[in-house]
Novice: 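Here it is, the structure in full.
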2 protein chains.
Amino acid sequence: MASSFSARRSKTSIEPHAAPTIDLSAVIMAATPDEPRVLTVRSDPQQPEGLPSGPLQSQHRTLEMGLRSWVTEQTQLTLGYVEQLYTFGDRDRAEAHDPNAGHALSIAYLALVQEARPAGLAHAAWQNWYDYLPWEDWRDGRPKALDVIEPALKAWARAGGKPLRQFREERIELTFGFEARTWTDERVLERYELLYEAGLVPEALRDGATAAKARIAPGKPMALDHRRILATAIGRLRGKIKYRPVIFELMPAAFTLLDLQRTVEALSGIRLHKQNFRRLVEMQGLVEETGEVTTKTGGRPARLVRFRREVLLERPAPGVRLPRLR
Amino acid sequence: MASSFSARRSKTSIEPHAAPTIDLSAVIMAATPDEPRVLTVRSDPQQPEGLPSGPLQSQHRTLEMGLRSWVTEQTQLTLGYVEQLYTFGDRDRAEAHDPNAGHALSIAYLALVQEARPAGLAHAAWQNWYDYLPWEDWRDGRPKALDVIEPALKAWARAGGKPLRQFREERIELTFGFEARTWTDERVLERYELLYEAGLVPEALRDGATAAKARIAPGKPMALDHRRILATAIGRLRGKIKYRPVIFELMPAAFTLLDLQRTVEALSGIRLHKQNFRRLVEMQGLVEETGEVTTKTGGRPARLVRFRREVLLERPAPGVRLPRLR
DNA sequence: CATAGAAATGCTCGATTTGAGCATTTCTTG
DNA sequence: CAAGAAATGCTCAAATCGAGCATTTCTATG
């Protein structure tokens, strides 16, 4: 297309460097009542694993079709829900910090799948989200990772001058809520980025952060900026389940209400009040009876329910609203 | 970066066609209490106007910096809030429908600015959103555009076979809510896409839709797929103001509560209950007194207030929650 | 200069929604 | 058969929401 600014642009633009490279990357998620999972691949045994990614191929009419096509081809997984996440293009994602390197663009997608059966791809594996971002899991109380992170972040804030220090402290409080004891489950990306800026994740050091002596937050790194992409995906999904019934994309055809609750808890990283969760789900008409029960629950047998697809047509914003933590 | 699928890819990939072209496009918005506005440019007097867009230049470290840079350079506008919207890359956005053409990728950004002073760019102008999407404005009751759209959409649904017909009817009801009288202000993109698929917007005909005899929905077209991008931006902004105080990015430094309400109404396209709106804003602590009043309101003088920046640090999700319409 | 008109503001009230728990029911297991 | 574990049913108070009435305080007008 012709640039709308072409007249002016020709005066100011610089001869393009290397043409940007473009790929599609996918955060493919699955979940059990215990564990939220993401599909990772390891191309180089020496390097940390990363997200599956592939080239943009122009024979597909839409980007999403291109994504579905190569994911299916490579992993034999059938993607359910797919949404575009974000286009990452900051220059520091280039592997080598070659100032002449062009942008390495990556269009990231979030995809949800039901079955967590092993991927057909060699070196691909399902991993627990929280192996990478352990501070995001509050299901068993305050994550121990924060015992390292909190003092390290506070030290980082103190290291700045007066105004910078206050700014940093506010940002820390906003994202981690140490003082107010407020945890906002969706701020996953903001927290990761704060840790990155504070030099508390290995990726930052790799990218040339100064704070070499800073403590490192627990959690496995990933290749390139893939942990950032994962954080983006988790934040997006945590937000989405509150107003869209996407949680069912991760559930089997029939499940118990506790399975559903546990899965929501796994994704959101917080515990919910059982009775209120049930009330919410029933009153929103999100599920319907299958007529069957399961006795494998370890207690009174539970009804098996399934997703009521009709809700997609009824309520403007059906989803699993969550209470605040604390 | 090396593709994680490189081993397999080499077997399956096709020799790339033309390298994709990439540009950044910006939905730059401003608002008055009466009118939500978007900045448009017209490069060709014969063609409908479009959104400002420019090339991706690799000298900027981040995509957002690149965007800010060329927007400032070209329009003299200072962007406040900026967020990435979406990357549009479907092949049908290429001007000519050349099957050999590569993708034309456009990374679209939403930007909010305070002043609606005329842009410095030739052929650039602020336009009312609703010139392009008149069915989105319910402030004065049901938009007349729907008198054309409703029967045309229903005719389109009837034109399909049994299962297709029901599917279409459900989609129409979900997005436009004709029967249930429910209007979900955020579903701007879904509505536009439905009209596009039904062949009710000129862009669809231009792109080769079959339904040449179908009636055309009121509303000015834009160049390429820019009306779709605008719809994406409006939907995003309508959603965002409900849980983030971004509305203040569009307000002057001091304003009355009614100004604020009218601006929210302009963006969301629906009317609000005055007293409840005030209660909400006051109780959330979104504003603070400036101590001054204005007598230009045509009635009892109104207090002038300003945004209370501290709320950014307090509430996890401050914003202007809206009631449902009806 | 009294009055009508237009907003700004203050308050009330019932209907819902939320957050927490208590109490029962109905399985499995030792 | 008793203990333990869940599933389910219900209650209750606090907070929020949706509507509307009543007052106050300006400006514009005859």
Side-chain angles (χ1 to χ4, degrees), chain A residues 33-34 181-183 185 242-243 254-265 268 270-305 315-326, chain B residues 33-34 181-183 185 242-243 254-265 268 270-306 314-326:
Chain A
D34 280 337
R181 306 292 207 79
T182 54
W183 179 260
D185 64 310
K242 289 170 195 165
Y243 61 96
F255 47 86
T256 69
L257 290 176
L258 189 59
D259 284 342
L260 182 64
Q261 179 182 342
R262 293 288 179 238
T263 308
V264 170
E265 290 173 344
S268 64
I270 60 180
R271 289 275 170 222
L272 303 174
H273 182 284
K274 178 150 59 168
Q275 296 93 318
N276 291 349
F277 178 81
R278 283 153 176 273
R279 175 174 64 187
L280 191 80
V281 169
E282 307 267 28
M283 292 220 310
Q284 295 220 103
L286 292 175
V287 299
E288 63 191 4
E289 304 287 327
T290 62
E292 292 169 82
V293 295
T294 176
T295 57
K296 304 196 190 132
T297 57
R300 171 173 168 178
R303 293 170 300 144
L304 282 169
V305 298
R315 205 165 318 284
V320 184
R321 269 167 294 175
L322 304 181
R324 306 175 251 304
L325 183 65
R326 202 51 343 167
Chain B
D34 280 337
R181 306 292 207 77
T182 53
W183 180 259
D185 65 311
K242 289 170 195 166
Y243 60 96
F255 48 85
T256 69
L257 290 176
L258 189 59
D259 285 343
L260 182 64
Q261 180 183 341
R262 293 287 179 239
T263 308
V264 171
E265 290 174 343
S268 63
I270 60 180
R271 289 277 170 221
L272 302 175
H273 182 285
K274 177 149 63 168
Q275 296 93 318
N276 291 350
F277 179 81
R278 284 152 177 276
R279 175 174 63 187
L280 191 79
V281 170
E282 307 266 25
M283 293 221 309
Q284 295 222 104
L286 291 174
V287 300
E288 63 192 4
E289 305 286 328
T290 61
E292 291 169 84
V293 296
T294 176
T295 57
K296 304 196 189 130
T297 58
R300 171 172 168 179
R303 294 170 299 146
L304 282 170
V305 299
R306 66 175 150 248
E314 296 166 0
R315 204 165 318 285
V320 184
R321 269 166 295 176
L322 304 180
R324 306 175 251 305
L325 183 64
R326 207 35 3 157

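Just so you know, these numbers use all the heavy atoms, side chains as well, and skip hydrogens, waters and symmetry mates.
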Novice: Expressed as a whole number of angstroms, how long is the span from F277(B):CZ to dG10(C):C1'?
Specialist: 17 Å

Novice: Sequence neighbours left out, what passes side-chain hydrogen bond (donor to acceptor under 3.5 Å, both in side chains) with E265(B)? Give chain and number order.
Specialist: Q261(B), R262(B), R271(B)

Novice: Whole Å only: how far is the CG atom of L260(A) from the P atom of dA7(D)?
Specialist: 12 Å

Novice: Could you state the atom-to-atom distance from CG of L257(B) to C1' of dG10(C) in whole Å?
Specialist: 13 Å

Novice: Mind checking side-chain contact (heavy atoms from CB on, under 4.5 Å) for T295(B) and listing every partner two or more places apart, or none if nothing turns up?
Specialist: P301(B)

Novice: Test of understanding: with side-chain contact (heavy atoms from CB on, under 4.5 Å), list the residues that count as partners of R279(A), not counting sequence neighbours.
Specialist: N276(A), M283(A)

Novice: Test of understanding: with salt bridge (Lys or Arg N to Asp or Glu O under 4.0 Å), list the residues that count as partners of E292(B), not counting sequence neighbours.
Specialist: none

Novice: Is the backbone of L304(B) close enough, under 3.5 Å, to the side chain of T290(B) for a donor and an acceptor to pair up by distance?
Specialist: yes

Novice: Q275(B): which residues meet the side-chain contact (heavy atoms from CB on, under 4.5 Å) condition with it, sequence neighbours left out?
Specialist: H273(B)

Novice: Report yes if at least one side-chain N or O of K274(B) is closer than 4.0 Å to OP1 or OP2 of dA7(C); otherwise report no.
Specialist: no

Novice: One character per nucleotide, please: for nucleotides 25-30 of chain C, 5' to 3', B when the base has a protein heavy atom closer than 4.0 Å, S when only the sugar-phosphate does, - otherwise.
Specialist: BBB---

Novice: Identify the two heavy atoms, one from L260(B) and one from F277(B), that lie closest to each other, and give their separation to 0.1 Å.
Specialist: CG-CZ, 3.9 Å

Novice: Let me know the distance between NE2 of H273(A) and C1' of dT11(D), rounded to the nearest Å.
Specialist: 12 Å

Novice: Within less than 4.0 Å of OP1 or OP2 of dT9(C), is there a side-chain N or O belonging to R278(B)?
Specialist: yes

Novice: Could you tell me how far apart L272(B) (CG) and dA7(C) (P) are, to the nearest whole angstrom?
Specialist: 16 Å

Novice: M283(A) CE to dT17(C) C1': how many Å, rounded?
Specialist: 7 Å

Novice: Is there a side-chain contact between T263(B) and F255(B) (heavy atoms, below 4.5 Å)?
Specialist: no

Novice: Figure out the CD/P separation between E282(B) and dT16(D), and round it to whole Å.
Specialist: 15 Å

Novice: How long is the line joining CD of Q284(A) and C1' of dT17(C), in whole Å?
Specialist: 11 Å

Novice: Just jot down the side-chain hydrogen bond (donor to acceptor under 3.5 Å, both in side chains) partners of R303(A), sequence neighbours excluded, or say none.
Specialist: E282(A), E289(A)

Novice: For nucleotides 11-16 of chain C, read 5' to 3', which letter fits each nucleotide if B means a protein heavy atom sits under 4.0 Å from the base, S means only the sugar-phosphate is that close, and - means neither?
Specialist: B-----

